[in-house]
Number of protein chains: 2
Amino acid sequence: MTASSAPRPPRLRRSAGDRRAQLVQIGLELLPTTPVQELTIDEVARRAGISRSLLFHYFATKREYYTAVTRAAADLLWEHLLPPPGTSPQEQVSGMLDRFVGWVETYRETHLAFVRGAAGGDPWVSEVYEETRGRLVEVALTALGLPDDLRRRQLVLAWFAFTEDLVGQWVEEPTMSRPELLDLLHDVLDRLTAR
Amino acid sequence: MTASSAPRPPRLRRSAGDRRAQLVQIGLELLPTTPVQELTIDEVARRAGISRSLLFHYFATKREYYTAVTRAAADLLWEHLLPPPGTSPQEQVSGMLDRFVGWVETYRETHLAFVRGAAGGDPWVSEVYEETRGRLVEVALTALGLPDDLRRRQLVLAWFAFTEDLVGQWVEEPTMSRPELLDLLHDVLDRLTAR
DNA sequence: GTAGCTTGTTGAGCGTTGCTCAGCAGGCCG
DNA sequence: CGGCCTGCTGAGCAACGCTCAACAAGCTAC
């Protein structure tokens, strides 16, 4: 409840970069509790303590803003999963898998919201996640030492959908041990790519 | 282009059932070309030749309307996939798989839009598809003669995500023959449930 | 210090959309 | 023909995405 008698909070200017980052950050925080369609510019602006107009100064369109938020989320995931340099190929894949499960365990709500937001409707938004999925598959195939042909690519992408879904279910209702899960996922991937 | 001089089309009353069905039908037709967020009540009402108000008489909320449309789409899929009575258990699963691929082949755009709409954001909507997925998995497990325990259920659900994704990719870019695809999907399912 | 410029920032306002409500009117009944 | 049930409409409100002209914070130049 803002006191109506408050003279007015001293308006402070932020650099363009700061403001953009702040707005994207607010989007990331809102993501887990708010489906895209219910995310309003008003709410974001209110949280940032700025006018709606300013948000449109940084993002020409609501879609553009939402895409930027999605991209930020995708980048976080990407940076977390990418194998550190100097890892052996075998370790790269199992390491990524392990970190992926850990990621979903830690940011369950956020990650699920991210995936749903990316999967749902809007092509501009889903493209962002598609791209990240594509890059991840590329890394995985390289680590496995397999040629990146179209057929295998499809299989690994579909395997990723399998993984997303299974891990998503597993964190809500663990029906096996963590190592069992990791083993199963790795095994399915191996069998699929061996074909 | 509606002639402005048209005296006024004779307003005709429909029974409540007819009108509801018509509105849902319009939703189904709009689904493939229109992401949820861009589906407007105005557009639907315009196509039905009725006022916005009437739509709110049948569906209290836009969400409720959209849920009804999704349910209709899910029911169509369900009826198409359900094995006819008197089929042998083995045929049931491969038959369902075959019909599923056929379904995606035939209604590619519509089905993809349906899945995306169901996956995206809104819990009320996604629940509808979740339910259908659950029933399909139940049928599959029964046909396979396997107990419906939690673990297997998760695996088959995840396999379904795998299948959705792979078939979706395959129809856009066939990297293998149709029988190969069916065989692969069936094989993966068998290996997963055999564990 | 102050004039001036850059640019972060705002408020008023427009068109559209989801949704409400009081009441009109089609068509079946007596 | 009169009455009633109920399908149906139009006006209108609040909230939203988005635009635009103008204000003002804070740096630089003198």
Side-chain angles (χ1 to χ4, degrees), chain A residues 2 4 6-27 30 33-70 117 120-125, chain B residues 2 4 6-27 30 33-70 117 120-125:
Chain A
T2 312
S4 56
R8 82 169 47 184
R11 211 214 286 181
L12 49 130
R13 284 166 74 114
R14 294 207 186 194
S15 77
D18 278 6
R19 191 58 90 187
R20 256 190 98 95
Q22 180 205 17
L23 292 173
V24 168
Q25 182 58 36
I26 288 174
L30 248 35
T33 58
T34 321
V36 203
Q37 341 161 13
E38 284 171 33
L39 181 81
T40 69
I41 294 291
D42 261 28
E43 175 67 11
V44 177
R46 208 181 50 72
R47 293 208 177 204
I50 60 170
S51 63
R52 266 156 298 162
S53 315
L54 189 55
L55 208 148
F56 284 105
H57 176 69
Y58 290 102
F59 306 93
T61 225
K62 188 190 173 181
R63 189 201 307 251
E64 193 178 314
Y65 170 65
Y66 195 73
T67 306
V69 173
T70 305
D122 196 280
W124 295 83
V125 175
Chain B
T2 311
S4 57
R8 82 169 47 185
R11 212 213 285 179
L12 48 130
R13 285 165 74 117
R14 294 208 187 194
S15 76
D18 279 6
R19 191 59 90 188
R20 255 190 100 94
Q22 181 205 16
L23 293 173
V24 169
Q25 182 57 37
I26 289 174
L30 249 36
T33 57
T34 322
V36 203
Q37 339 162 17
E38 285 171 32
L39 182 81
T40 70
I41 295 290
D42 261 27
E43 175 67 10
V44 177
R46 207 180 51 72
R47 293 208 177 206
I50 59 169
S51 64
R52 266 156 297 163
S53 315
L54 188 55
L55 208 150
F56 285 107
H57 177 68
Y58 289 102
F59 306 94
T61 224
K62 187 190 174 181
R63 189 202 309 252
E64 193 179 313
Y65 171 65
Y66 195 74
T67 305
V69 173
T70 305
D122 196 280
W124 294 83
V125 175

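In what follows, every heavy atom counts, from backbone to side chain, and hydrogens, waters and symmetry copies are set aside. As the structure is a computational prediction, the values presented were derived from the model and not from experiment. Here is how names work: the chains are called A, B, and so on, in the same order as the sequence lines, proteins then strands, and each is numbered from 1.
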Could you write out each protein N or O paired with an N or O of nucleotides 19-21 of chain C at a distance under 3.5 Å?
residue	atom	partner	partner atom	Å
C:dC19	OP1	B:Thr61	OG1	2.9
C:dC19	OP2	B:Lys62	N	2.6
C:dT20	O4	B:Ser53	OG	3.4

Nucleotide N/O of nucleotides 3-7 of chain C paired with protein N/O under 3.5 Å:
residue	atom	partner	partner atom	Å
C:dT7	O2	A:Arg13	NH2	3.1

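Taking each heavy atom of A:Tyr58 and A:Arg20 in turn, the nearest pair found is O-NH1, 3.3 Å. Closest of all the heavy-atom pairs between A:Gly27 and A:Val69 is C-CG1, 3.7 Å. Heavy atoms only, all atoms of each residue included: A:Ala48 and A:Arg19 are closest at O-NH1, 3.9 Å. Residues A:Leu55 and A:Ile50 come closest through the heavy atom pair N-CD1, 4.2 Å. The two residues B:Phe56 and B:Lys62 have their closest heavy-atom pair at CE2-N, 4.3 Å. Heavy-atom minimum distance, B:Phe59 versus B:Ala68: CE2-CB, 3.7 Å.
Atom-to-atom, CG of A:Leu54 to C1' of C:dA12 comes out at 16 Å; the value is rounded to the nearest Å. The separation between B:Glu38 atom CD and C:dG18 atom P is 12 Å, rounded to whole Å. Per the geometry, CZ belonging to B:Arg20 stands 13 Å off P belonging to D:dC8, to the nearest Å. To the nearest angstrom, P of D:dG7 lies 13 Å from CG of B:Leu23. Regarding B:Arg46, its CZ atom lies at a distance of 18 Å from the C1' atom of C:dG18, rounded to whole Å. The distance between atom CG of B:Asp42 and atom P of C:dG15, rounded to the nearest whole Å, is 15 Å. If you take CG of A:Asp18 and P of D:dA25, they are 19 Å apart, rounded to a whole angstrom. Straight-line distance from the CD1 atom of A:Ile50 to the C1' atom of D:dA24: 16 Å, rounded to whole Å.
Without hydrogens or angle criteria, A:Tyr65 side chain to A:Leu23 main chain gives a donor-acceptor distance under 3.5 Å. Put simply, the side chain of B:Thr61 never gets that close to the backbone of B:Glu64: no donor and acceptor are under 3.5 Å apart.
OP1 or OP2 of C:dT9 sits under 4.0 Å from a side-chain N or O of A:Tyr58.
Taking the side-chain contact (heavy atoms from CB on, under 4.5 Å) definition, one finds that A:Thr67 meets it with A:Arg63, A:Trp124, A:Val125, A:Val128, sequence neighbours left out.
Nucleic acid contact class of B:Leu39 (heavy atoms, under 4.0 Å, all strands): sugar-phosphate only. As judged by a 4.0 angstrom heavy-atom cut-off over every strand, B:Thr40 is placed among residues touching the sugar-phosphate backbone only.
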